[in-house]
Amino acid sequence: MEQMKRTVTCGGLTAKNEGQTIILNGWVHRNRDHGGVHFINLRDRYGETQIVVDENAPETLKKKADSLKFEYCVAMEGVVRLRPENMINPDMATGEVEVSVKEITVLNECLTLPFMIDEETDSNETARLKYRYLDLRSQGMQNRIILRNKVTYALREYLQKNDFLEIETPTLIKSTPEGARDFLVPSRLHAGRFFALPQSPQLYKQLLMVSGFDKYFQVARCYRDEDARGDRQLEFTQIDMEMSFVSRDDIFKITEGMMGHIFKESLGIDLPVEFERLTYDDAMNFYGSDKPDLRFGMAFKDFAPFVPASSFSVFKSVLEEGGAVKALVVPGAAADYSRKKISDLEETAKTYGAKGLAWMKVTADGLDGGVSKFYADQAEAICSGLEAKEGDLILLMGASWKVACNSLGAVRSRLGKDLSLIDESQFKFAWIIDFPLFEWNEEEQAWEPAHHMFSMPQEQFLETMESDPGPVKGDLYDLVLNGYELASGSIRVHDPELQQRIFNVVGFPKEVAEERFGFLLESFRYGAPPHGGIAAGLDRLVMIMAGKESIKEVIPFPKNNAGMSPMDESPATVDEDQLKDLHLDIVLPEEKSE
RNA sequence: GGAGGCGUAGCGAAGUUGGUUAUCGCGCCGGCCUGUCAAGCCGGAGAUCGCGGGUUCGAGGCCCGUCGCUUCCGCCA
């Protein structure tokens with residue numbers, strides 16, 4: 001092997017190398033035998049090079065070239081030469097040159113592939129995950145893993161330059177049952193006790209603030225034992241940050257700077273210096289989502305003013321019950337949207353709890369179709385109020401405020417895709433600010449934290465927090481990008497008294513708080529600085545940058561949506577002895593009878 | 001936990017209102033070919049149509065059940 005070690009990579013040859021004798025190591029990407037002349041594309045992660053076996057090559061060499069199959073790992077020695085003028089391949093980085101091969105060594109053969117290794121693998125996901133090491137050979141996966149590396153490199157570079165320290169926090173920690181379900185790790189040394197894997201380094205990064213590490217970050221692996229989705233995995237990576245002596249705007253600034261640096265360094269794209277800001281209320285009222293895709297418009301209009309004068313009773317009772325009636329004007333869609341297509345949209349709305357989706361079309365003479373007869377006499381006022389023009393489709397949603405927003409928001413998102421309103425090349429960031437701190441839980445008949453309990457209420461609500469929790473806004477913020485929640489953070493509570501007041505509002509017993517995170521609360525009594533932070537999903541960020549719709553496309557070895565790995569077949573059963581060590585008995589759920 | 005979609009050769013797909021030997025492309029095997037770069041041409045092998053049951057003279061297509069995957073809701077920041 002020693003003498004067939006590569007002297008150059010498959011992406012490294014240009015006209016400048018003409019005449020050099022070189023050795024390449026790589027994989028057989030394509031093999032084209034023309035009888036006389038024979039071409040082999042050799043590939044490694046740096047690129048591809050065309051190898052030529054000339055017609056006057058020795059028979060043994062020709063035979064050897066002929067025996068090479070897809071993905072054989074080979075070493076080739078040869079001479080770099082310029083391709084004939086008319087044979088230059090402009091689509092290939094090394095397209096000016098080719099290597100006239102003198103010796104071929106097969107380093108390892110390859111079985112018949114389960115799928116072809118192309119630009120992108122078009123095989124089913126299970127096969128891709130089972131043979132992930134092959135899937136990762138595709139150009140697309142290689143590019144995305146390389147992009148991911150560029151992103152983590154750039155963010156570390158930026159944060160280090162801004163005096164942040166990268167500090168590791170433990171991944172065997174105490175379970176906190178609030179929020180997502182924890183992954184548990186049984187303790188061998190302490191029978192009946194468990195560690196949890198962190199859902200985030202939240203408590204530890206706050207403790208680091210108490211310790212005086214005033215600018216912290218970590219590329220942190222986090223775990224949540226919840227059902228997976230296209231943009232959610234059991235384990236995922238967060239760009240976790242925390243700062244002391246800062247306000248919300250300081251955190252925005254450093255995050256904007258970091259994103260700017262990441263996009264510039266890894267994609268060559270200039271982002272705006274500051275991102276747009278949108279309150280939670282506006283995001284919900286206008287786009288029906290707390291993570292709106294702002295690459296297209298179609299903001300909702302309020303339809304409530306037109307309800308009382310009409311005899312359409314459904315909307316009337318919605319308003320009487322304190323709900324909302326919202327309108328979505330779809331420009332020029334009246335002709336294209338048949339009853340069938342509108343009822344498809346209605347189905348989308350229904351998955352979000354809506355009971356129906358009303359509609360009407362704007363014609364030259366007023367309103368037509370759907371519920372138009374109830375609003376005929378207000379046609380002019382409605383059209384000017386909603387800024388609707390002839391040929392537009394008006395969709396109307398009446399429901400509780402939240403259902404109306406969410407369901408019409410889902411319809412808007414779908415229309416954005418269906419009508420190709422989205423410029424896929426755009427990256428549209430926005431801050432969503434002023435989230436409510438508390439949410440009313442109808443079932444429990446109690447207030448609960450909208451996010452978590454450690455976020456600071458905004459100053460102007462401090463006095464009325466207990467008497468009227470509903471309107472209390474927190475110093476909470478999300479960063480959204482193209483319709484995805486990319487990052488989430490808050491200014492934290494660092495005052496033990498204020499923290500206790502928040503526990504009281506959500507009915508969180510003092511003893512339980514003491515038992516769960518007493519160590520954090522105690523630390524606040526030792527001169528804890530005011531602090532706040534943010535955590536951004538690295539997988540989601542890279543996914544969006546790569547133009548993909550699943551984070552599995554940017555994670556080297558992801559689980560499938562059932563939370564399993566088809567490659568190693570984990571999770572798996574373990575030996576009795578292991579269970580015994582851990583003091584565990586397995587009780588499987590009973591078989592369904594019948 | 002719930003809803004929709006999918007399951008046909010190693011991979012990707014087609015398969016009309018149910019009707020002989022289940023079709024196509026890629027890959028695989030054999031042969032031909034002096035410049036291709038998704039090479040081309042000729043030939044060949046390869047499928048109990050996810051599994052189980054039912055309706056029918058006859059099921060890849062219809063019905064019921066079941067399993068798997070997938071998208072979404074719930075859940076989750």
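In what follows, chains are A, B, ... by sequence order, proteins preceding strands, each numbered from 1.
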Syn or anti conformation of B:rG61, syn meaning chi within 90° of 0: syn

Axial cation check for A:F296 ring with A:R412, 6.0 Å and 45° limits: yes

Under 4.0 Å protein heavy-atom contact, by nucleotide of nucleotides 23-35 of chain B - B base, S sugar-phosphate only: ---SSSS---BBB

Sub-6.0 Å ring centroid separation between A:F252 and A:Y477: yes

Nucleotide of B:rC76, B:rG74, B:rC11 approaching A:E226 most closely (side-chain heavy atoms): B:rC76

Sugar-phosphate, base or nothing in reach of A:S488, heavy atoms under 4.0 Å: base

Validation row, ring centre A:F557 to ring centre A:Y133 under 6.0 Å: no

Rounded distance (Å) that lies between atom P of B:rA39 and atom CZ of A:R32: 5 Å

A:L234 and A:F183: CA distance, side-chain angles, deciding distance, side-chain contact (heavy atoms from CB on, under 4.5 Å) verdict: CA-CA 9 Å; A:L234 301 181; A:F183 272 101; 4.0 Å; yes

Protein-nucleotide distance (A:R181, atom CZ; B:rG74, atom P), rounded to Å: 15 Å

Modelled atom types, side-chain donor and acceptor of A:D282 and A:Y287, under 3.5 Å: no

Over 12 foreign heavy atoms within 6.0 Å of NZ, A:K102: yes

Touch class at under 4.0 angstrom, heavy-atom based, for A:G353 against every strand present: nothing

Interatomic distance, A:K402 NZ vs B:rC73 P [rounded to whole Å]: 14 Å

Watson-Crick or G-U wobble partner of B:rC51, both distances under 3.5 Å: B:rG65

Euclidean distance, atom CG of residue A:D135 to atom C1' of B:rC11 [Å, nearest integer]: 13 Å

Gap between atoms CD1 and P, on A:I51 and B:rU36 respectively (whole Å): 18 Å

Sugar-phosphate, base or nothing in reach of A:E125, heavy atoms under 4.0 Å: sugar-phosphate

Side chain of A:D122 - closest among B:rA39, B:rC69, B:rG12: B:rG12

Phosphate contact (B:rC76 OP1 or OP2) by A:R229 side-chain N/O below 4.0 Å: no

Any donor-acceptor N/O pair under 3.5 Å between B:rC37 base and A:N41 side chain: no

Sugar-phosphate, base or nothing in reach of A:A487, heavy atoms under 4.0 Å: nothing

Touch class at under 4.0 angstrom, heavy-atom based, for A:R232 against every strand present: base

Under 3.5 Å side-chain donor-acceptor pair for A:Q233 and A:D539: no

Sugar-phosphate only, base, or nothing, as touched by A:E347 at under 4.0 Å among non-hydrogen atoms: nothing

Sugar-phosphate only, base, or nothing, as touched by A:A57 at under 4.0 Å among non-hydrogen atoms: nothing

